[in-house]
There are 2 protein chains.
Amino acid sequence: MATIKDVARIAGVSVASVSRVINNGPKVSKKTIENVNKVMADLGYTPNANARALVTQKSTTVGVVIPDLTDPFFASLAHGVEQVARQQNMQLLLSTGLVTAESEQQAINLLIERRCDVMVIHSKKLSDDALIALTNKVSGLVLIDRYIEQVAHRCVWLDNLEGGKIAARHLLTLKHQTFACISSKYQIDDPSLRLQGFQSELNAAGFNLDQQLVEYGEPNLQGGEITTQKLLASGKKFSALFVYNDAMAIGAISTLEDNGYRVPTDISVIGFDDVLLSRYSRPKLTTLNYPIEEMAIQAANLALDLANKNDKNNNTKDFKYIPTLTKRESTSINDQ
Amino acid sequence: MATIKDVARIAGVSVASVSRVINNGPKVSKKTIENVNKVMADLGYTPNANARALVTQKSTTVGVVIPDLTDPFFASLAHGVEQVARQQNMQLLLSTGLVTAESEQQAINLLIERRCDVMVIHSKKLSDDALIALTNKVSGLVLIDRYIEQVAHRCVWLDNLEGGKIAARHLLTLKHQTFACISSKYQIDDPSLRLQGFQSELNAAGFNLDQQLVEYGEPNLQGGEITTQKLLASGKKFSALFVYNDAMAIGAISTLEDNGYRVPTDISVIGFDDVLLSRYSRPKLTTLNYPIEEMAIQAANLALDLANKNDKNNNTKDFKYIPTLTKRESTSINDQ
DNA sequence: TTGAAAGCGTTACCAA
DNA sequence: TTGGTAACGCTTTCAA
């Protein structure tokens, strides 16, 4: 592959001049520009980004660490980051497939090796301390979907507790009085906070959440089906069901209808996340919108600022998002 | 950030020795290894991948070019490539957001700038010639979902024509006699081949596809709804509907049921792709499985071999995949 | 407006 | 088993 030297030699100029025309540098004669451009085209010359990164000490690459690309939620996150990357003429360096603290750490290390100056990290397994340490090493590192007090100004996160409350309020407004809940068996923060918020708001309104009507399962379609079967098997009645995420909610609806319950006529179901899926279900899912793409854009911009030390405002506050209710068809008033 | 020189100086050895321990090079004394490792740990030293790439002339990076990350189909493709990348300790460099031939070209150029030696490209807009030219420049470049005769041995693709035929055969087996079809308005190869295969198999069995029962729309949920409305508005009867992809098929089912038709009792619907969505719909979608992840893995491995000149078998044949029928609940026998 | 040359952080060859 | 050093392809300063 042709190098800048080849171009210089053939064009009969110095590499410095070639470099100048590549970078639209100042003070180059029109003639040189044209000449060099022609030679570059002839040779099919493409500058070597690695060499460039080495000398300029910047990577024009933004790193993203997420657990799984095939989960639409994370795909949206990556998509958000990608948009700001493209704006900046930067590229996405992606690390996925993370299950343990070690693999998360490893993924981040790879980004550091590439001297990625801007990174958006979704980490649930790494300890606060490990993350804080990383934060000191990489100035453009931003945490998404996680809140750590000591590095609050680098956290872009969603208030899951409030999300649970909003769901409860919606159901309460619809005059429901008996509630069930499906949560995730994986006890990271999110599910327990959502459940906690839901429950506390119910209590505040003078209602109770029967612990026998709380089930935990895999956070996917099948998990929703299985937990709903258990709920039904308990024999207890409920008219409103709050589900950890949309995939489970769709599974729940499916099982409910298979068992002769109409949604929302007999039972109202509310999900969480508002992924694409929720618009594809029948009935269309009422759910809490998790503005993950918007948050990812925010996170990427923040990382960019941090990397460029544009921390003008020297921000110390975090970036908290509140989910919003998206009313569709799976909840309705309880008129029994 | 600490460099190899810092490590060498502090450890009291030469950079050559440090380099050897980093790369598990031969002939290093145990003592040196331990000493150097300790210093590296103390300094939090991380090798610079850019410098490495420059001198070794290889990038340990695999490039992926896809139109859109949020489309589950492409997410699966990226996921497949990612799996083989990880196996090789390589990382994904991702380019998305492609709409025109120019932006596709641009995306590929960025990968070349990074001296990405292994790349899997999903390109629908670039001309055959442009792609062939690229192929000469990058030895590890593989095309996915596209077939170009001159570079057949670098193509991993699906036989869409056969897919259409399989759909037709399935419906024929179920004794259907009147057919409708929803296609994509974007006239790249895939939709027209699917339609063509469908039609030709119908004809072979002595049936006809009424052109008034063929509609074209946006390849998403809404497109499926709109085209189905048009189909219904034509007043013509049909008992079987072949739809371009799963998203449209789900839209179609929704509109059909809203208009009082039961699926599959009154009308059988068959989709294409077998994305996650198809398992989430009610009734669950009968569709043609597009083994995109498997194909992506194949493509990535092929690209790897090509890049390493492991073209041992000096393959000249292409990699053609045939979709397979996934029977679920949206098709049934026509007993009228 | 142009060119020479130093230097970015590594690896790998050649000597010692 | 170790160290010195050229080289990778580029940008950037300094002089001319």
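Quick note on labels: first sequence line is chain A, next is B, and so on, each numbered from 1. We use all heavy atoms of the structure for the numbers below, so side chains are in, but hydrogens, waters and symmetry mates are not.
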Results of side chain to side chain donor-acceptor pair (under 3.5 Å) for [X] - residues two or more places apart only:
| X | result |
| --- | --- |
| B/Asn109 | none |
| B/Lys58 | none |
| B/Glu294 | none |

In whole angstroms, how far is the [atom2] atom of [N] from the [atom1] atom of [X]?
| X | N | atom1 | atom2 | value |
| --- | --- | --- | --- | --- |
| A/Met1 | D/dG9 | CE | C1' | 13 Å |
| A/Leu54 | C/dA6 | CG | P | 17 Å |
| A/Asn23 | D/dT13 | CG | P | 12 Å |
| B/Arg9 | C/dG9 | CZ | P | 12 Å |
| A/Asn48 | C/dT10 | CG | C1' | 13 Å |
| B/Lys5 | D/dT5 | NZ | P | 13 Å |
| B/Asn24 | C/dT10 | CG | C1' | 16 Å |
| B/Arg52 | C/dC8 | CZ | C1' | 16 Å |

Residues at least two apart in sequence or cross-chain that pass ring pair (Phe, Tyr, Trp, His ring centres under 6.0 Å) with B/Tyr321, listed by chain then number, are none

For B/Phe74, what residues pass the ring pair (Phe, Tyr, Trp, His ring centres under 6.0 Å) criterion, not counting sequence neighbours?
B/His122

Tightest non-hydrogen contact, residues A/Val138 and A/Cys116, listed as CG1-O, 4.2 Å

Residue pairs passing the salt bridge (charged side-chain N to carboxylate O under 4.0 Å, His left out) test with at least one member in residues 73-96 of chain A, sequence neighbours excluded, are A/Glu82-A/Arg86

Sorted by first residue and then second, give each salt bridge (charged side-chain N to carboxylate O under 4.0 Å, His left out) pair with at least one member in residues 112-121 of chain B; sequence neighbours left out.
none

Which of residues 13-22 of chain A sit near DNA chain D, with a heavy atom under 4.0 Å from it?
A/Ala16, A/Ser19, A/Arg20

Within residues 37-46 of chain B, which residues have any heavy atom lying less than 4.0 Å from an atom of DNA chain D?
none

Report, one line per pair, each donor and acceptor closer than 3.5 Å where one atom sits in a side chain of residues 7-18 of chain A; sequence neighbours left out.
from: A/Arg9; atom 1: NH2; to: A/Asp6; atom 2: OD1; distance (Å): 2.9
from: A/Ser14; atom 1: OG; to: A/Ala16; atom 2: N; distance (Å): 3.4
from: A/Ser14; atom 1: OG; to: A/Ser17; atom 2: N; distance (Å): 3.2

Under 4.0 Å: is that the gap between some side-chain N or O of B/Gln57 and OP1 or OP2 of D/dG9?
yes

Tell me whether the side-chain N/O atoms of B/Thr32 come closer than 4.0 Å to OP1 or OP2 in D/dT2.
yes

Shortest side-chain distance from [X], nucleotide among [options]:
| X | options | result |
| --- | --- | --- |
| A/Thr56 | D/dT2, C/dG9, D/dT12 | D/dT12 |
| A/Ile4 | C/dG9, C/dT2, D/dT11 | D/dT11 |
| B/Lys27 | C/dT11, D/dT2, C/dC8 | D/dT2 |

Answer with base, sugar-phosphate or nothing: what part of the nucleic acid does A/Asn50 contact at a heavy-atom distance below 4.0 Å?
nothing

Give B/Pro26 one of three labels, base, sugar-phosphate or nothing, depending on what nucleic acid heavy atoms sit under 4.0 Å from its own.
nothing

Rounded to 10°, the helix from C/dT1-D/dA16 to C/dA16-D/dT1 deviates from straight, judged by its five-pair end axes, by 40°

A/Gln91 side chain to A/Thr61 backbone, donor-acceptor under 3.5 Å
no

What residue among A/Asp190, A/Asp189, A/Asp68, A/Asp145 forms salt bridge (charged side-chain N to carboxylate O under 4.0 Å, His left out) with A/Lys124?
A/Asp190

State which residues pass salt bridge (charged side-chain N to carboxylate O under 4.0 Å, His left out) with B/Arg146; sequence neighbours excluded, sorted by chain then number.
B/Asp128

